[in-house]
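Residue numbers count from 1 along this sequence. Keep in mind that the numbers below use all heavy atoms, side chains included, and drop hydrogens, waters and symmetry copies.
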Amino acid sequence: KDGNNMYAQLHNGGFVNTWDNVLGGKVSLDFTPIEDLTFSAVVAPEFKFFKQKSFLKRVEYTNWDDPATSVGVTDWGRSTRMDETRIDFNNITTQFIGNYSKDFGKHSFNTMAGYESYYFFREIVNANSDNLVLDSYPYLDLANTNYLFATGSAYENAYESFFGRIIYNYNRKYLLQANVRVDGSSRFHEDYRWGTFPSFSAGWVISEESFMKDFDPVSFLKLRGSYGVLGNERIGNYPYQATINFATAVFYRGANIVADQTAAQWAYAIPDISWETTEILNIGFDANFLRDRLEMSFDVYNKNTRDMLLALEIPDFMGYDNPEQNTGEMYTKGWEFAVSWRDQIGDFRYSVSANLSDFRSIMGDLGGIQFLGDKVKMEGSEFDEWYGYRASGIFQNQDEVSGSAVMFSGVAPGDIRLIDISGPDGEPDERISADYDRVLLGGSLPRYLYGANINLGYRRSEERRVGKECRSRWS
């Protein structure tokens with residue numbers, strides 16, 4: 001009856017109840033003052049209320065032959081304790097958009113301009129108490145004040161965006177599009193808050209040309225290309241400010257030991273931190289054959305990321321956590337291919353599709369190194385590449401151990417034999433150390449992503465789908 005008794009936990013160990021309520025809505029208004037011109041306004045608030053109450057009881061056990069005498073408690077139920085958490089979220093999105101579309105013969109235009117704002121707020125409060133006297137009263141007004149703890153926090157963030165788009169096509173054959181966004185984020189100082197992100201694309205529907213009209217095997221053929229800049233600001237809140245963190249520490253006050261509140265700056269602030277940007281160049285085609293039964297698409301792309309938001313290592317003697325900062329570049333090249341076939345035989349419908357893609361990201365000059373456990377970001381490495389020791393087998397006997405570089409004195413036959421790569425002078429130094437003998441071991445991200453789907457249908461019955469997606473890393 002002792003130990004981790006799951007039956008006792010389920011039937012006598014108390015409860016953990018969770019409530020998660022969401023209230024949201026959307027109000028929109030469209031106004032058309034003249035033909036082809038529409039103004040839209042949207043307000044979409046959302047409120048979330050989360051509550052969790054955990055009341056875990058002390059559970060005693062007895063001897064099998066004397067159920068009236070308690071001889072101990074279960075491992076997980078050694079005391080009666082209670083924990084309550086309340087979290088409130090709210091956010092509101094506001095949009096104002098104007099859209100104008102017009103056709104002039106074979107020419108078609110569409111323009112759009114708009115504004116968007118977003119505000120988010122989160123507040124959390126938690127209280128818990130241990131060693132409660134009563135195990136039938138799940139409320140904190142009878143908390144044990146000697147074991148009563150309370151925490152709370154709140155944060156907010158917001159952004160604003162101005163954006164526009166122009167689309168033009170001639171006779172559904174030549175396609176052009178230009179976009180621009182100007183985004184501001186509260187995560188950055190007001191002097192570095194705004195970023196401008198343009199994009200352009202062009203397409204040529206070759207199958208609409210006169211010289212393709214009589215070429216029946218090709219149902220549709222489109223060549224396309226695009227260039228754009230994306231921004232990223234998804235880091236913690238207030239990285240540009242020297243925020244103060246509070247905690248409780250134990251001090252000596254004379255001969256007495258007392259607990260008191262402390263306050264300190266934990267993170268090093270970077271005042272001019274700003275947007276990370278990624279430039280993307282993409283070229284591809286879409287092709288349909290045999291009356292659209294066979295479809296193919298292919299894309300090849302090149303991404304250059306600059307001013308990456310990374311928490312690089314800083315010297316420990318500075319006394320701060322590693323700060324997020326704009327540093328370094330990353331270069332990504334990749335391609336994507338998809339093919340599908342669909343047809344119908346009498347009342348039976350079917351389709352088969354498959355896709356395959358590959359990409360590789362190489363880090364440029366980062367101005368430092370970011371260690372992530374067994375992974376690393378450094379110049380020349382892949383994104384989050386494995387970083388560790390190389391091995392050359394297993395020690396077979398004590399003579400091999402004595403004649404080899406080891407990490408510590410306890411190495412014995414049967415342990416892995418690590419390779420002595422380097423030392424303080426750039427040469428092997430007859431010892432294994434984390435500073436000089438770890439090397440890049442290969443990327444942690446899958447190289448090839450592939451998948452397949454099969455859809456079947458008969459008459460008006462719903463389609464059944466059987467699919468599989470796999471990820472592999474091939475060098």
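Every residue was checked against the ring-ring contact (aromatic ring centres under 6.0 Å, His included) condition with Phe383, not counting sequence neighbours, and none meets it. Asp88 meets the side-chain hydrogen bond (donor to acceptor under 3.5 Å, both in side chains) test with no other residue; sequence neighbours excluded. By the salt bridge (Lys or Arg N to Asp or Glu O under 4.0 Å) test, Asp191 pairs with no residue at all, sequence neighbours left out. Not counting sequence neighbours, the partners of Tyr331 by the side-chain hydrogen bond (donor to acceptor under 3.5 Å, both in side chains) test are Glu329.
Remark: Phe298 CZ is packed, more than 12 non-hydrogen atoms of other residues, nucleotides or ligands lying under 6.0 Å away. The environment of Asp141 atom CG is dense: over 12 non-hydrogen atoms of other residues, nucleotides or ligands sit within 6.0 angstrom.
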Before you tell me yes or no, could you show the steps for Thr278 and Thr305 under side chain to side chain donor-acceptor pair (under 3.5 Å), namely the whole-Å CA-CA distance, both residues' side-chain angles and the distance that decides it to 0.1 Å? CA-CA 4 Å; Thr278 299; Thr305 302; 3.1 Å; yes
Run the side chain to side chain donor-acceptor pair (under 3.5 Å) check on Asn144 and Asp130 step by step: do they pass? CA-CA 7 Å; Asn144 187 332; Asp130 203 349; over 6 Å; no
Can Ser357 and Glu336 be said to form a side chain to side chain donor-acceptor pair (under 3.5 Å), step by step? CA-CA 4 Å; Ser357 64; Glu336 299 175 351; 5.4 Å; no
May I have the step-by-step check of side-chain contact (heavy atoms from CB on, under 4.5 Å) for Leu356 and Asp358, ending in yes or no? CA-CA 7 Å; Leu356 175 66; Asp358 174 38; over 6 Å; no
Can Thr93 and Tyr119 be said to form a side-chain contact (heavy atoms from CB on, under 4.5 Å), step by step? CA-CA 7 Å; Thr93 302; Tyr119 173 79; over 6 Å; no
For Lys303 and Leu281, what are the C-alpha separation, side-chain angles and deciding distance, and is it a side-chain contact (heavy atoms from CB on, under 4.5 Å)? CA-CA 7 Å; Lys303 297 181 181 180; Leu281 178 63; over 6 Å; no
Please lay out, stage by stage, how Glu208 and Lys213 fare under the test salt bridge (Lys or Arg N to Asp or Glu O under 4.0 Å). CA-CA 7 Å; Glu208 291 294 321; Lys213 292 298 184 181; 3.4 Å; yes
Passes side-chain contact (heavy atoms from CB on, under 4.5 Å), Met212 versus Val218? Steps please. CA-CA 8 Å; Met212 293 289 293; Val218 179; 4.0 Å; yes
One pair to check against side chain to side chain donor-acceptor pair (under 3.5 Å): Tyr115 and Gln95. What are the steps and the verdict? CA-CA 6 Å; Tyr115 164 83; Gln95 294 179 337; over 6 Å; no
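Contact of the Arg360 side chain with the Glu382 side chain is registered, since non-hydrogen atoms from C-beta on lie closer than 4.5 Å. Arg193 is not listed as a side-chain neighbour of Trp275, based on a closest heavy-atom distance of 4.5 Å or more. Taking 4.5 Å as the limit, some side-chain heavy atom of Tyr387 sits within range of a side-chain heavy atom of Leu440. Under the 4.5 Å side-chain criterion, counting only non-hydrogen atoms from C-beta, Glu46 is not in contact with Asn90. Side chains of Pro271 and His189 form no contact here, defined as non-hydrogen atoms less than 4.5 Å apart. Within the 4.5 Å cutoff, side-chain heavy atoms of Ile87 are placed close to those of Thr85. Side-chain atoms of Arg187 and Ile235, non-hydrogen and from C-beta on, do get closer than 4.5 Å to each other. In this structure, Asn99 and Asn110 have side chains that are in contact, with non-hydrogen atoms separated by less than 4.5 Å.
Annotation: cation-pi pair Lys53/Phe55 absent, no NZ/CZ under 6.0 Å from the ring centroid and within 45° of its normal.
Checked by atom type and distance alone, the side chain of Gln9 never pairs as donor or acceptor with a backbone atom of Met6 at under 3.5 Å. In this structure, the side chain of Ser340 does not engage the main chain of Ser353 through any donor-acceptor pair within 3.5 Å. Of the possible polar contacts, one joining the Asn126 side chain to the Glu84 backbone as a donor-acceptor pair under 3.5 Å is found. A donor-acceptor pair is defined here as one N or O able to donate and one able to accept, closer than 3.5 Å; such a pair exists between the side chain of Ser186 and the backbone of Ala158.
Remark: aromatic rings of Tyr458 and Phe348 are distant, center separation not under 6.0 Å. Residues Phe50 and Trp19 place their aromatic rings such that the two centres sit no closer than 6.0 Å. If you look at Phe359 and Trp335, their ring centroids are not closer than 6.0 Å.
Distance CG/Leu140 to OG/Ser129: 6.5 Å, rounded to 0.5 Å. In this structure, Ile167 CD1 and Ser108 OG are separated by 8.5 Å, a value rounded to the nearest 0.5 Å.
Ring planes of Phe120 and Tyr118: parallel class, angle under 30° (limits at 30 and 60°).
Screening residues 205-229 for ring pair (Phe, Tyr, Trp, His ring centres under 6.0 Å), with sequence neighbours left out, gives no hits. Residue pairs that meet the side-chain hydrogen bond (donor to acceptor under 3.5 Å, both in side chains) test with at least one member in residues 366-379, sequence neighbours left out, are Gln370-Lys377, Lys377-Asp384. Applying the salt bridge (Lys or Arg N to Asp or Glu O under 4.0 Å) rule to pairs touching residues 266-284 yields Glu279-Arg306, sequence neighbours excluded. Applying the side-chain hydrogen bond (donor to acceptor under 3.5 Å, both in side chains) definition to pairs two or more places apart or across chains, those involving residues 316-326 are Glu313-Asn322.
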Output side-chain donor-acceptor pairs under 3.5 Å for residues 260-270, partner residues at least two apart or in another chain, one line each.
{"unit_1": "Asp260", "atom_1": "OD2", "unit_2": "Arg253", "atom_2": "NH2", "d": "3.3"}
{"unit_1": "Thr262", "atom_1": "OG1", "unit_2": "Ala247", "atom_2": "O", "d": "3.2"}
{"unit_1": "Gln265", "atom_1": "NE2", "unit_2": "Ala267", "atom_2": "O", "d": "3.0"}

Side-chain atoms of residues 24-39: list all donor-acceptor pairs with protein atoms under 3.5 Å, sequence neighbours left out, distances to 0.1 Å.
{"unit_1": "Asp30", "atom_1": "OD1", "unit_2": "Ser40", "atom_2": "OG", "d": "2.7"}
{"unit_1": "Asp36", "atom_1": "OD2", "unit_2": "Lys102", "atom_2": "NZ", "d": "3.2"}

Indicate every side-chain donor-acceptor pair of residues 282-297 with a distance under 3.5 Å to a residue at least two apart or in another chain.
{"unit_1": "Asn282", "atom_1": "ND2", "unit_2": "Asp299", "atom_2": "OD2", "d": "3.0"}
{"unit_1": "Asp286", "atom_1": "OD1", "unit_2": "Arg224", "atom_2": "NH2", "d": "3.0"}
{"unit_1": "Asp286", "atom_1": "OD2", "unit_2": "Arg224", "atom_2": "NE", "d": "2.9"}
{"unit_1": "Asn288", "atom_1": "ND2", "unit_2": "Asp292", "atom_2": "OD1", "d": "3.2"}
{"unit_1": "Arg293", "atom_1": "NE", "unit_2": "Leu290", "atom_2": "O", "d": "3.0"}
{"unit_1": "Glu295", "atom_1": "OE2", "unit_2": "Arg342", "atom_2": "NH2", "d": "3.3"}

Going by atom type alone, with no hydrogens or angles, which donor-acceptor pairs under 3.5 Å involve a side-chain atom of residues 169-178 and a protein atom two or more places apart or on another chain?
{"unit_1": "Asn169", "atom_1": "OD1", "unit_2": "Arg172", "atom_2": "N", "d": "3.1"}
{"unit_1": "Tyr174", "atom_1": "OH", "unit_2": "Glu209", "atom_2": "OE2", "d": "2.7"}
{"unit_1": "Gln177", "atom_1": "NE2", "unit_2": "Asn179", "atom_2": "OD1", "d": "3.3"}

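In the model, Ser201 has no side-chain atom that pairs as donor or acceptor with a side-chain atom of Ser226 under 3.5 Å.
Between Leu441 and Gly388, the closest heavy-atom pair is CD1-N, 3.5 Å. Pairing each heavy atom of Phe188 with each of Tyr192, the nearest pair is CB-O, 3.7 Å.
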